[in-house]
Amino acid sequence: MLAEAGMLPLVVGTHCPTPSKILTGPKNDFHMAKSRLTIPAGAGRTIVESGALFACPLLCTNNFVKFCSDCGLAIYHKERLIRLEHLGLFAPVFRVKMPETPTEPFRIPPTKGENWFSKGWAWDTTAIPSRHVVPEDSDLTHEGYYSIFQIYHLDFVLSRLTLQLSLEDPFLEESSHWQEMGTRWVNRTQHRVATMRNRPHPRPAVALLCQHISNRYYPYTQSDMRQYEVRKSSLFDAWISINDHAWDWKEEMRNWDPRTIENLYGLTQKNLCEAYSNLAIDQASCDPIEHWYQLTQFIAIDERRKLKGAALQAETLRAGALMLRELHKDLYGEELPHPNEVARTVIQAMPEMEVRNDVRRHLEFVANRFHVNPQPRLSLIVEGQTEESAIIQIFEQYFGIHPGVLGIEIIVLGGVNVATGSKKEDRFRAIMLLIDYLHHHQTVTFLLLDNENRASKLKEAAKEMKSIYTDCRYLAHPEHVFIWEDSFELDNFSYAEIATSLGEVAEDRVQFTAEQVAEQVEDAKRQCTGAALGILFKRKTNYALPKIKLSESLVSHMFSETSSRKIEDRPIIQILKKVEYLAVNNRLSFTQKAKDTNQESTFFGLKPSPQAKTGKQSTS
């Protein structure tokens, strides 16, 4: 019996109310930290002048408005952004204004003598409290540029300026409540605005830090866990011109010094851990598909970019968190928990942490857990297309389902000799190694052969062959290697049924009798039955027997109401019932531990007796 994959818990825990309960330990216990992340002077100008916008570009106002709308934030026009800027609550990374005399756009990164910041045509807008002049929303000579990571702070601001109201009692009965409650709401909001305007908050600093390190770490976040996507941003508009042709990510990695960022932002291990954990918790909290993160991290980047609403917002914040995680590792040599595992108490990692180093195995176990792994639950190995066609037809008519729905894969050998081999010293080894390999990958196999050549000896050999992957069992169950007494046709259909189907295939131009079929089979006992029927058919029709049509005709007669034989009495039905049971009960494992337990069970092969363990393995 297979280990119950669904009985293994992933994680147990809830979101922690404060970051002081997260990332605790000798090196990460930051709950006594007094310093919080703050914005360094001139952060916006430094981002522009250092060109920290190639891998993850800044957005002009209209594009940022669209991005906010896509993330489900209530920013549908730039006028609201300008109002928030006038209130000193939210501002772009930097602003530019059109020079009075025509000039070339501001080239980023700026060259010597062409820096608009020095000329007064561009200014940093990141200081808190705000000190820059904010243009009116109707002023088309100015433009602001925003970082996508600023939605982390913007969402916080909007949540404190947004009122949710249910028009129920007492408002419907007492209109005086409107004035009373309205005054209270306005006073409370004014207090909040004053507090946010005059008191530095770490969220804007986190957003700017993420943008500042994006050239180095952002491509790591644009990954399906197997490949990184490095995109360069070229932007040309009426105000600025970003030329990324000279930028190279590999060169960025070679020249990167995380200590520069550490000094600029006054980072410590404590405040960086705090910033990371808060960002990680917020991205998990707002993500509607947070519990699917193990699967979604393997989804193609282009598909993840199509997310909308809170899912896109969470995807953006997760990218920021992953970058901070990489920065922490470079600075302090320690890898923090995955962003979606920060606020959880992990009882048993699924899959195990050591498995995650092998991304292919990691994806395999995750796909098993979400039941999206297309790996066959069972491989049914048959001789030819005749059996394949008949089995599919029987499944659809008797079980009412295609075998693929049950995870059953039909492998056509193309003849019994492929299974039995031709060389004495290598007889049976190839097919049995295939079965052993499939069992090792938790696909149970069932071999179905006609009784000809050395098929019976193959079945006997299977009883003695041990798995090369484990010494706990033989590589296959003997009953999973099934040999017909004669053949698929003769074991399941009478001579009369075969004769009738031969006539139907010949479109009734030639008649066949049960006696003719029996006589031909007797004359060709040492040949395969398919060949015997083919010889009889060609002798009477002068063309080759279409075997697929013959199998379709035979199966149709098997399900006919005029058939004198019960469907359950057909051996093929009994075999396919067993195949169906094995496929349904082969549950793919979520962890390596569960997979090892399954491999050591008797589901794939019997355990050898103590005497057999010390005996010599037979291979022929």
Check: How about R107: does its CZ atom have over 12 heavy atoms from other parts shown lying under 6.0 Å from it?
Finding: no

Any donor-acceptor N/O pair, D139 side chain to E136 backbone, under 3.5 Å:
no

**Asked** Any donor-acceptor pair under 3.5 Å linking the side chain of H441 with the backbone of T443?
**Response** no

Value for OG1 (T141) from CD (E100), rounded to nearest 0.5 Å, stands at 10.0 Å

| said: Centroid separation under 6.0 Å, is that true for the rings of W116 and F94? | reply: no

query = Could you walk me through whether H132 and E85 pass the side-chain hydrogen bond (donor to acceptor under 3.5 Å, both in side chains) check?
reply = CA-CA 10 Å; H132 67 277; E85 197 171 349; 2.8 Å; yes

Answer yes or no: is there a donor N or O on one side and an acceptor on the other, between the side chain of R325 and the main chain of L336, under 3.5 Å? yes

Please report the C-alpha distance between R305 and D302 in whole Å, then the side-chain angles of each, then the deciding distance to 0.1 Å, and finally whether the salt bridge (Lys or Arg N to Asp or Glu O under 4.0 Å) criterion is met.
-> CA-CA 5 Å; R305 289 195 181 101; D302 286 343; 2.9 Å; yes

Minimal heavy-atom distance between P204 and I128, with the atoms involved, is CG-CD1, 3.7 Å

For D124 and G42, the nearest pair of non-hydrogen atoms, with its separation, is OD2-C, 3.1 Å

- prompt: Any sub-3.5 Å donor-acceptor pair from R356's side-chain atoms to P351's backbone N or O?
  reply: yes

Sidechain-backbone polar pair: E341 side chain, H338 backbone, donor-acceptor under 3.5 Å:
no

Using a strict cut-off of less than 4.0 Å between a Lys/Arg side-chain nitrogen and an Asp/Glu carboxylate oxygen, indicate whether K593 and E352 qualify as a salt bridge. no

message: Counting C-beta onward and ignoring hydrogens, is there a side-chain heavy-atom pair between Q313 and D155 closer than 4.5 Å?
response: yes

To the nearest 0.5 Å, atom CD of E364 lies from atom CZ of R369 at 15.0 Å

Q) Which is it for I75 and L158 under the side chain to side chain contact (heavy atoms under 4.5 Å, CB included) test, yes or no, and what are the steps along the way? A) CA-CA 9 Å; I75 300 292; L158 295 178; 4.0 Å; yes

- Hey, does F106 have a side-chain heavy atom less than 4.5 Å from the side chain of P99? no

Item to complete: For the residue pair F365 and T591, establish whether any side-chain heavy-atom pair is separated by less than 4.5 Å.
Response: no

Side chain T61, main chain G144, donor-acceptor under 3.5 Å | yes

OG (S50) and CD1 (I261) are apart, to the nearest 0.5 Å, by 7.5 Å

- Message: Tell me if a side-chain donor or acceptor on T125 pairs with a main-chain N or O of V93 at a distance below 3.5 Å.
- Response: yes

K306/E303 under salt bridge (Lys or Arg N to Asp or Glu O under 4.0 Å): CA gap, chis, key distance, verdict
CA-CA 5 Å; K306 298 175 183 177; E303 295 300 319; 3.2 Å; yes

TODO: Go through V230 and W247 one step at a time and tell me if the side chain to side chain contact (heavy atoms under 4.5 Å, CB included) criterion holds.
DONE: CA-CA 11 Å; V230 182; W247 180 75; 4.2 Å; yes

| From CA spacing to verdict: side chain to side chain contact (heavy atoms under 4.5 Å, CB included), R80, Y76 | CA-CA 8 Å; R80 190 172 191 189; Y76 306 115; over 6 Å; no

Any side-chain heavy-atom pair of L588 and Q442 under 4.5 Å: yes

- Query: Is the distance between the ring centroids of W249 and Y217 less than 6.0 Å?
  - Reply: no

On a heavy-atom basis, the closest approach of Q211 and A52 is NE2-O, 2.9 Å

d(F590 CZ, K595 NZ) to nearest 0.5 Å is 14.0 Å

On a heavy-atom basis, the closest approach of A284 and E290 is O-CG, 3.4 Å

Do E143 side-chain atoms and D237 backbone N/O form a donor-acceptor pair below 3.5 Å? no

Min side-chain heavy-atom separation E334-K329 under 4.5 Å
no

- Audit row: N115, E49, side-chain hydrogen bond (donor to acceptor under 3.5 Å, both in side chains) steps and yes/no: CA-CA 8 Å; N115 193 332; E49 291 180 340; 2.7 Å; yes

Inspect the surroundings of NZ in K66 and state if more than 12 heavy atoms from other residues, nucleotides or ligands are less than 6.0 Å away. no

**Message:** Atom CZ of residue position R131 - does it have more than 12 heavy atoms of other residues, nucleotides or ligands inside 6.0 Å?
**Reply:** no

Are more than 12 heavy atoms from other residues, nucleotides or ligands located less than 6.0 Å from atom OH of Y437? no

NZ of K78: more than 12 outside heavy atoms within 6.0 angstrom?
yes

One pair to check against side chain to side chain contact (heavy atoms under 4.5 Å, CB included): I39 and Y265. What are the steps and the verdict?
CA-CA 7 Å; I39 300 175; Y265 282 83; 5.8 Å; no

- [ ] Apply side-chain hydrogen bond (donor to acceptor under 3.5 Å, both in side chains) to N598 and S589, showing your working.
- [x] CA-CA 8 Å; N598 292 338; S589 306; 2.8 Å; yes

Min side-chain heavy-atom separation P258-E326 under 4.5 Å: no

Interatomic distance, CH2@W292 vs CG@D287, rounded to 0.5 Å, equals 11.0 Å

- request: Return yes when atom CD of E251 has more than 12 non-hydrogen atoms of other residues, nucleotides or ligands closer than 6.0 Å, and no otherwise.
  value: yes

Practice task
Indicate, with yes or no, if the rings of H142 and W123 have centres closer together than 6.0 Å.
Solution key: yes

Taking it one step at a time, do E315 and R304 satisfy salt bridge (Lys or Arg N to Asp or Glu O under 4.0 Å)? CA-CA 8 Å; E315 180 74 14; R304 299 215 302 264; 2.7 Å; yes

- prompt: Run the side-chain hydrogen bond (donor to acceptor under 3.5 Å, both in side chains) check on E229 and S223 step by step: do they pass?
  reply: CA-CA 6 Å; E229 182 180 279; S223 167; over 6 Å; no

*Please tell me if the side chains of Q227 and D224 come closer than 4.5 Å, counting only heavy atoms from C-beta onward.*
yes

Of all heavy-atom pairs linking N340 and R318, the shortest is OD1-NE, 3.2 Å

Geometric cation-pi criterion, R203 with Y152: 6.0 Å, 45°: yes

Side chains of C210 and I148, heavy atoms from C-beta outward: is any pair under 4.5 Å? no

d(L317 CG, L322 CG) to nearest 0.5 Å is 11.0 Å

Discussion item. Closer than 3.5 angstrom, by distance alone: can the side chain of D70 be matched with the main-chain N or O of K308 as a donor-acceptor pair?
Written reply: no

For A319 and T221, the nearest pair of non-hydrogen atoms, with its separation, is O-CG2, 3.3 Å

| Relative to each other, are the rings of Y146 and F90 parallel, tilted or perpendicular (30° and 60° limits)? | parallel

Would you check, one step at a time, whether the test salt bridge (Lys or Arg N to Asp or Glu O under 4.0 Å) holds for R377 with E409? CA-CA 8 Å; R377 302 303 199 264; E409 171 192 39; over 6 Å; no

